[in-house]
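For reference, the structure is listed below as structure tokens.
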Amino acid sequence: MKGGLTMIANKMTLREHNETLVLSTIIHNPEISRAAISQLTGLNKASTSEIVKKFIDEQLINEIGIGNSTASGGRKPIQLQMNYDVGCSLSIDIGYDYIYGLLTNLNGEHIHYIANEGNRLTKENTVSEINKIVTAMQPYYEHTKFQLIGITIAIHGVVHNNNIVFTTYSGLHEIAHAEINETK
């Protein structure tokens with residue numbers, strides 16, 4: 001029985017690897033065909049087509065049009081591209097008396113920007129100010145399939161093991177990383 005479980009685990013690992021390989025190839029080669037993906041990855045055309053179909057069904061990639069046929073003729077390929085609007089990323093910049101929020105699609109294209117300036121940030125109000133930014137951005141990301149997939153917080157100071165070790169701002173180093181995670 002143990003050998004059977006190992007074989008299943010290996011098959012799943014191989015499938016995940018192949019899916020990652022195909023998605024990475026599409027991301028790094030915009031407007032690429034299934035045949036070109038197969039050539040670049042070394043996967044057979046059937047496996048490539050199965051993975052591409054799964055990604056189209058999951059809205060991770062889009063068919064964007066018909067490409068040119070090869071010099072030897074044949075059917076014109078359908079071009080594929082990553083769907084960068086399937087989710088959003090939020091970047092937050094925290095300063096002494098400001099907090100900025102920038103929401104982008106997965107290709108880094110600007111969706112919405114918020115600047116709250118003139119309010120001194122402290123240990124007591126920083127987490128609530130971060131929550132205000134996330135809440136204010138919600139109408140801009142809630143319509144996407146995966147919504148908000150990640151948040152990056154930039155702070156002027158020293159961060160070690162996801163904890164603020166030192167800032168020039170009073171008290172911000174005392175904010176616990178877990179406290180921010182729990183507010184979500």
Side-chain angles (χ1 to χ4, degrees), residues 12-34 37 41 47-65 78-95 97-119 121-157 159-164 167 172 175-184:
M12 290 179 71
T13 302
L14 181 60
R15 181 179 298 145
E16 290 171 1
H17 170 75
N18 290 345
E19 288 175 356
T20 301
L21 186 60
V22 168
L23 190 58
S24 178
T25 302
I26 293 168
I27 290 169
H28 291 97
N29 298 279
E31 300 185 23
I32 189 170
S33 68
R34 289 166 177 82
I37 294 168
T41 62
S47 294
T48 300
S49 290
E50 183 181 327
I51 293 169
V52 165
K53 180 184 179 331
K54 176 184 176 192
F55 288 158
I56 289 171
D57 292 345
E58 293 175 348
Q59 301 173 7
L60 289 174
I61 62 173
N62 295 321
E63 294 180 331
I64 58 168
I78 297 172
Q79 301 298 96
L80 305 167
Q81 186 175 46
M82 176 71 185
N83 178 4
Y84 294 107
D85 296 319
V86 76
C88 294
S89 176
L90 177 59
S91 299
I92 297 175
D93 183 11
I94 299 172
D97 64 349
Y98 69 85
I99 184 166
Y100 302 140
L102 175 63
L103 188 71
T104 65
N105 71 3
L106 300 183
N107 200 27
E109 295 169 354
H110 173 277
I111 296 172
H112 192 67
Y113 177 76
I114 294 175
N116 292 337
E117 298 173 324
N119 186 15
L121 295 173
T122 65
K123 172 187 163 188
E124 291 76 27
N125 71 358
T126 300
V127 173
S128 78
E129 291 299 317
I130 291 170
N131 284 333
K132 286 179 189 175
I133 296 275
V134 173
T135 301
M137 293 292 190
Q138 188 172 356
Y140 300 95
Y141 67 75
E142 68 184 358
H143 66 280
T144 65
K145 179 170 181 169
F146 296 111
Q147 297 191 3
L148 190 58
I149 62 158
I151 299 176
T152 298
I153 298 176
I155 188 161
H156 304 273
V159 177
H160 180 70
N161 290 332
N162 292 325
N163 289 307
I164 302 167
T167 67
L172 292 187
I175 298 172
H177 178 258
E179 180 182 347
I180 295 173
N181 280 336
E182 290 173 10
T183 62
K184 186 175 180 212

Mind listing the closest non-hydrogen atom pair of [X] and [Y] along with its distance?
X	Y	result
I114	A136	CD1-CB, 3.4 Å
M137	G101	CE-O, 3.4 Å
V86	T144	O-CB, 3.6 Å
Y113	H110	CB-NE2, 3.5 Å
N83	Q59	ND2-O, 2.8 Å
L106	M82	CD1-CE, 4.3 Å

In sequence, state the C-alpha distance, the side-chain angles, and the governing distance for I130 and I94, and then conclude on side chain to side chain contact (heavy atoms under 4.5 Å, CB included). CA-CA 9 Å; I130 291 170; I94 299 172; 3.8 Å; yes
Would you call the rings of Y98 and Y100 parallel, tilted or perpendicular, taking 30° and 60° as the class edges?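 Because their plane-to-plane angle is under 30°, the rings of Y98 and Y100 count as parallel.
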What do you reckon, is CD of E50 surrounded by more than 12 foreign heavy atoms closer than 6.0 Å?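 No.
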Are there more than 12 heavy atoms of other residues, nucleotides or ligands under 6.0 Å from atom OH of Y140?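 Result for OH/Y140: open.
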So does N125 get a backbone contact from the side chain of S128, meaning a donor-acceptor N/O pair under 3.5 Å? yes
For the pair N107 (side chain) and E109 (backbone), establish whether a donor and an acceptor sit closer than 3.5 Å, ignoring hydrogens and angles. no
Min side-chain heavy-atom separation [X]-[Y] under 4.5 Å:
X	Y	result
R34	K53	no
I27	Y84	yes
L102	D93	no

Under the criterion side chain to side chain contact (heavy atoms under 4.5 Å, CB included), I'd like the reasoning laid out for V22 against N18: C-alpha separation, chi angles, the key distance, then a yes or no. CA-CA 6 Å; V22 168; N18 290 345; 5.5 Å; no
Less than 4.0 angstrom from a charged side-chain N to a carboxylate O is my criterion; do E129 and K132 meet it?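 Looking at K132 together with E129, the answer is yes, because their closest N to O distance falls below 4.0 Å.
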